[in-house]
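Below, each value reflects all heavy atoms present in this structure, side chains not excepted, and no hydrogens, waters or symmetry copies. Residues: numbered from 1 along the sequence shown.
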Amino acid sequence: DQPLGTGVDLYNAPDVITTGVVSLGERELSSGKHRLTVEILGKNPEAAPGYMFGLDFLLLEPISK
C-alpha cells in the first residue's frame with residue numbers, strides 16, 4: 001500500500017520498445033508474500049482504444065544497510 005516511482009507514459013507507436021530500467025525506489029520488505037499492483041490512470045491520446053500494460057521482468061536486489 002505504498003506508491004512506488006512516478007507516473008510514466010509508456011506509449012510508443014508503431015513499435016513496441018523497451019523503456020530500459022525503470023527504478024521504483026528502495027523499500028524494506030518483511031519476509032513473506034508481497035503484492036505489486038499496477039494502476040492505469042489514463043492513456044495517451046494516440047493509443048489504440050483500451051488500456052494495456054505489459055511487464056517483461058521485475059528485478060529485486062538486496063540493498064546494504
Tabulate below the donor-acceptor pairs under 3.5 Å that side-chain atoms of residues 2-18 make, not counting sequence neighbours, or state none.
unit_1: Gln2; atom_1: OE1; unit_2: Arg27; atom_2: NE; d: 2.8
unit_1: Asp9; atom_1: OD1; unit_2: Tyr11; atom_2: N; d: 3.0
unit_1: Asp9; atom_1: OD2; unit_2: Asn44; atom_2: ND2; d: 2.8
unit_1: Tyr11; atom_1: OH; unit_2: Glu46; atom_2: O; d: 3.2
unit_1: Asn12; atom_1: ND2; unit_2: Asp15; atom_2: O; d: 3.0
unit_1: Thr18; atom_1: OG1; unit_2: Gly20; atom_2: N; d: 2.9

Going by atom type alone, with no hydrogens or angles, which donor-acceptor pairs under 3.5 Å involve a side-chain atom of residues 32-40 and a protein atom two or more places apart or on another chain?
unit_1: His34; atom_1: NE2; unit_2: Ser30; atom_2: O; d: 2.7

For Leu60, which residues count as a side-chain contact (heavy atoms from CB on, under 4.5 Å) partner, sequence neighbours excluded?
Leu58
Pair Ile63, Glu61 - check side-chain contact (heavy atoms from CB on, under 4.5 Å), show working.
CA-CA 6 Å; Ile63 56 174; Glu61 296 181 303; 5.8 Å; no
Under a single-linkage definition using a 4.5 Å side-chain heavy-atom cutoff for Ile, Leu, Val, Met, Phe, Trp and Tyr, are Tyr51 and Phe53 assigned to the same hydrophobic cluster?
yes
